[in-house]
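See structure below.
For this chain, numbers begin at 1 and follow the sequence in order. Each ligand, and each atom within it, is numbered from 1 in the order the structure gives.
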Amino acid sequence: MMAKKVLHSLTLNGEQVDVATPSGATLLETLREDLRVLSSKRGCNQGVCGACTLLVDGKPVRACLTLTARCEGHEIQTVDGMGEDHVMATLQRHMVESGGVQCGFCTGGVLISARELLAEDPMPSREAVKTALSGNVCRCTGYRTIVDAVVGAAEELAQ
Ligand code: FES
Ligand code: FES
């Protein structure tokens, strides 16, 4: 039997969006299945891999652990809605140039976590980058190129 749908009014990437989503849906389910916003990936669906990470009121959260109903009245930002953000654009460029993007499945979540790190610590050490990204699993890169990208972006932004 299909779950009953409930209407929610969300603020997504600066726009008001009304969406009917199953009662009890997570934000990840609502975004991907009802709104077809696919930049937050469904990996573990248990809060472990970080692939679904996005911002709620400017703070990184796991969309797979966040109920859509709890997001009414809060600002939701996905990585594809941050194209105007200079820090994010710089991080994205360094990720591509360093080889930190391979299959790309983890990349959105990594970028959100890295963006948050640079907001708090504009010149992080490699160790600080590794710690900040420890909740983002990448099966492809071995992480070195991702750390290179974040450190390189921080150095460029500091100039
Ligand atoms: S899909 Fe949300 S943490 Fe893995
Ligand atoms: S680039 Fe493939 S999982 Fe990270």
Requested in this report: Would you confirm whether Thr68, through its side chain, and Thr26, through its main-chain N or O, come within 3.5 Å as a donor-acceptor pair?
Outcome: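 Present.
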Query raised in the report: Just by distance, do the side chain of Arg32 and the backbone of Ser40 share a donor-acceptor pair under 3.5 Å?
Result: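 Such a contact is found between Arg32 side chain and Ser40 backbone.
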Which ligand 1 atoms does [X] reach within 4.0 Å, using its non-hydrogen atoms?
X     : answer
Val48 : 3 (S)
Cys64 : 1 (S), 2 (Fe), 3 (S)
Asn45 : 1 (S), 4 (Fe)
Cys49 : 1 (S), 3 (S), 4 (Fe)
Gly47 : 3 (S)

Requested in this report: Identify, by atom number and element, the atoms of ligand 2 in contact range of Cys140, meaning under 4.0 Å from any of its heavy atoms.
Outcome: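 Answer, ordered by atom number: 1 (S), 2 (Fe), 3 (S).
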Query raised in the report: Which atoms of ligand 2 sit under 4.0 Å from any heavy atom of Arg139?
Result: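 Heavy-atom distances to Arg139 below 4.0 Å select 3 (S).
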Query - Closest non-hydrogen atom pair between Asn136 and Val110, with its separation - result: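 Taking Asn136 first and Val110 second, the nearest heavy atoms are ND2-N, 3.5 Å.
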Query raised in the report: How far is atom 3 (S) of ligand 1 from its nearest protein heavy atom, and which residue and atom is that?
Result: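 Looking at atom 3 (S) of ligand 1, the protein heavy atom closest to it is Gly50 N, 3.2 Å.
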Query raised in the report: Would you say Cys103 reaches atom 4 (Fe) of ligand 2 with an N/O/S atom under 2.8 Å?
Result: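 No - counting backbone and side chain alike, Cys103 has no N, O or S atom under 2.8 Å.
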Report task. Sort out for me which residue in Met123, Glu156, Arg126, His94 forms a side-chain contact (heavy atoms from CB on, under 4.5 Å) with Val151. Result ->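 The single option meeting the side-chain contact (heavy atoms from CB on, under 4.5 Å) with Val151 is Arg126.
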Requested in this report: Would you check if atom 4 (Fe) of ligand 1 lies under 2.8 Å from any N, O or S atom of Cys44?
Outcome: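 Yes, since at least one N, O or S atom of Cys44 sits under 2.8 Å from atom 4 (Fe) of ligand 1.
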Query raised in the report: Do any of the N, O or S atoms of Cys52 sit under 2.8 Å from atom 4 (Fe) of ligand 1?
Result: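 False for Cys52.
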Query raised in the report: Under a single-linkage definition using a 4.5 Å side-chain heavy-atom cutoff for Ile, Leu, Val, Met, Phe, Trp and Tyr, are Val61 and Leu55 assigned to the same hydrophobic cluster?
Result: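 Looking at the clustering, Leu55 is in a separate group from Val61.
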Requested in this report: Following the transitive rule for hydrophobic clusters with a side-chain heavy-atom cut-off under 4.5 Å over Ile, Leu, Val, Met, Phe, Trp and Tyr, establish whether Val56 and Met88 coincide in one cluster.
Outcome: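 Hydrophobic grouping puts Val56 apart from Met88.
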Requested in this report: Rounded to the nearest 0.5 Å, what's the gap from CD on Glu72 to CG on Leu67? Could you check?
Outcome: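 Answer rounded to 0.5 Å: 12.0 Å.
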Report task. Run down the list Gly104, Cys138, Gly43, Gly99 and name the one with the heavy atom closest to atom 4 (Fe) of ligand 2. Result ->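 Shortest heavy-atom distance from atom 4 (Fe) of ligand 2: Cys138.
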Requested in this report: Mind running side chain to side chain donor-acceptor pair (under 3.5 Å) on Asp148 and Ser98 for me, showing each step along the way?
Outcome: CA-CA 7 Å; Asp148 289 346; Ser98 75; 5.8 Å; no
